[in-house]
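Chain identifiers are assigned alphabetically (A, B, ...) following the order of the sequence lines, protein sequences preceding nucleic acid strands; residue numbering begins at 1 within each chain.
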Number of protein chains: 2
Amino acid sequence: MTTDTPARLLQLLSLLQTPREWPGSELADRLQVSRRTVRRDVDRLRELGYPVQATMGADGGYRLVAGKALPPLVLDDEEAVAIAVGLRAGAGHAVEGIEEASVRALAKLEQVLPTRLRHRVNTLGAATSSLVYSGGGDGATIAPETLTVLAAATSGHERLRFSYEAGDGARTRRLTEPYRLVSAGRRWYLVAYDMDRDDWRTFRVDRVSEPFATGARFVPREVPTGDAAEFMRATVWRGSPTFEIDVAFAAPVAEVARRLPPAFGTPEATGEDSCRLRSTVKDSLEWAAMRLAMTGVDFTVHGPAELVEQVAQLGSRLTRATSA
Amino acid sequence: MTTDTPARLLQLLSLLQTPREWPGSELADRLQVSRRTVRRDVDRLRELGYPVQATMGADGGYRLVAGKALPPLVLDDEEAVAIAVGLRAGAGHAVEGIEEASVRALAKLEQVLPTRLRHRVNTLGAATSSLVYSGGGDGATIAPETLTVLAAATSGHERLRFSYEAGDGARTRRLTEPYRLVSAGRRWYLVAYDMDRDDWRTFRVDRVSEPFATGARFVPREVPTGDAAEFMRATVWRGSPTFEIDVAFAAPVAEVARRLPPAFGTPEATGEDSCRLRSTVKDSLEWAAMRLAMTGVDFTVHGPAELVEQVAQLGSRLTRATSA
DNA sequence: CTCAATTAGGTCGTGACCTGTCCTACATGA
DNA sequence: TCATGTAGGACAGGTCACGACCTAATTGAG
């Protein structure tokens, strides 16, 4: 009923996003305007960079096609929920390089998601595996809400308060100026300026709880090394153990590569039906052992000894499980 | 530089979707209009149902918050790619009930996705596991493109041509009027009217290849049973196997529940440090075995025999892997 | 407390723009 | 060949969008 022009344009955009053809007369009917105006509106959309394709002749119509710019997505409730759930489930084990964009998109969506849909996302999301792959071991799971709150505070330059659990289990409350959220391997880190300590810190996101933005904005400081990822690497990667793993698979290289997480890198072929993987793994070999098991192909662990131990332990546990 | 009003509104909407506060003066600056006009535009957005929250006082500003309706999402390139990849990866093993919405959203996005982004999605998507969980088993994977083409043709009422592989391996070309895309368990089915056979059929999507919409529209016929899902169930449902699993854990119920995917349901306590899980699993026990292994606690499989077999097989593979 | 910075909203005049109604040209499928 | 669709020009009338200027209310900092 809103006879407003911009409103009508938005409505037209949403109609055209349905993957079907719309005859001008039907559009005119829906939008409560004359067919001439519909043509003008279509022209306007085209001028805005959204390519509306028109098929001529009888049985013709309008349809939005791929162009240079991405038009604003008009989603219905179910689609929005599906995207949110997919993003939550996917953000953790997503492909290298898009985890952060994934979280940004999720933050953007959740910012405007109506509460009734938020409930549905929460209940549905609870049914999926947790966001970050919980390699069975240290239970380092991250609530999707935590990630989105951190992402929002970071990009909005808002001070952030949260409770942090140190390595020794002690919990402290922190007031920080978050600078960047970085995904490294299967862990997330927050590079932030700690207001209490008066210095830069990197926080492991899985140890952050009850985060909330204070609302107070700040002007970003200069990061010590100039780059947040650099700083994170420098502060975090020293001290945590690294392992050089070496595993042989009894399957074609293509198949193994397909079933292995890309973070492991690519195995190299050693024969028609065999290949070998050499890679460096940080911190937790339990995770590595699990991913090897999940490939579903036969393999042999050549090293290091710690990985042999992990795999053997897992194997014996499974064997015990069936011997009762 | 387009001084157009609707264009400016869209731009404002995209600015406000960034999770941060925007002072009116900055918005006026960016949009090249007076502050008064910015206020008017904000009013307009509010009238359209998009709740723009304004914080008063010094250091105030505007920000888009959750409301009743979902505003059109304005995404940048990376976010769009992240959503597409997440949707592709998630659509297959997503939560019950949203698979179809997931595919609809993906079809909507891909319809307008610029080609340069489509390339990125393809290359990134190739690195992830295939869309439908390939439980190591029958290799019934579905290309995401196939699903989106079918979804688009279905909702656009366009005739669909594809090559179909029957159970005996014979390939035939089909011309159909697609009626609905149904997800059931791990499989996807297309309920369509077969123009050559002159009758309704259900097609398994994993056996469809080279689908494309002819562009010719049709008027939907009446489905025999009135409901497509009903029809599919009647024609296809030969009961995919279901298993009643029964597993005992040597750990407190709370810990086990935390490490188990919620889809399994909740185990019940059988003692201080033990609990038992009874649940039904459809179709793939390999997945169940994997998730049990991932709990990282000792357990005993009581049944069924197939699950014992799966776990034993996995255990022996791991043991072999370390015995070299 | 006081000041500064912000949102909120009213009014007014000018000019641009938006709409519907004509009209013609062109493309396409039956 | 005809029906039906898009494409787009011309025009008149009314509307509405913009900026300038004003006052009020709210909030945080000094």
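A:Arg35 places no side-chain N or O within 3.5 Å of a backbone atom of A:Leu27 that could act as its donor or acceptor partner. At distances below 3.5 Å, not a single donor-acceptor pair connects side-chain atoms of B:Tyr164 with backbone N or O atoms of B:Arg173.
Taking atom CZ on A:Arg63 and atom C1' on D:dT6, their separation rounds to 15 Å, with Å as the unit. Protein atom CZ of A:Arg40 is 13 Å distant from nucleotide atom P of C:dC17, rounded to whole Å. Regarding B:Leu9, its CG atom lies at a distance of 13 Å from the P atom of C:dC18, rounded to whole Å. At whole-Å resolution of the value, CG in A:Leu27 and P in D:dG5 are 12 Å apart. One interatomic measurement links the two molecules: CD of A:Gln32 to C1' of C:dT19, which rounds to 14 Å at whole-angstrom precision. Taking atom CG of residue B:Leu31 and atom P of nucleotide D:dA17, one finds them 16 Å apart after rounding to whole Å. Per the geometry, CD belonging to B:Gln53 stands 14 Å off C1' belonging to D:dT26, to the nearest Å.
Side-chain N/O atoms of B:Thr37 include one lying less than 4.0 angstrom from OP1 or OP2 on D:dG19. Distances shown here put a side-chain N or O of A:Arg44 below 4.0 Å from the OP1 or OP2 atom of C:dC18.
Nearest heavy-atom pair across B:Leu109 and B:Ala84 is CD1-N, 4.0 Å.
Between B:Arg40 and B:Asp43 there is no salt bridge, since none of the side-chain N atoms of the basic residue sits less than 4.0 Å from a carboxylate O of the acidic one.
Between the side chains of B:Thr18 and B:Arg63, not a single donor N or O lies within less than 3.5 Å of an accepting N or O.
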5' to 3', nucleotides 3-10 of chain C under a 4.0 Å protein heavy-atom cut-off (B base, S sugar-phosphate only, - none) gives --BBSBBB

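The side-chain contact (heavy atoms from CB on, under 4.5 Å) check on B:Val52 picks up B:Leu16, B:Val42, B:Leu45, B:Arg46, B:Tyr62, B:Leu64, with sequence neighbours excluded.
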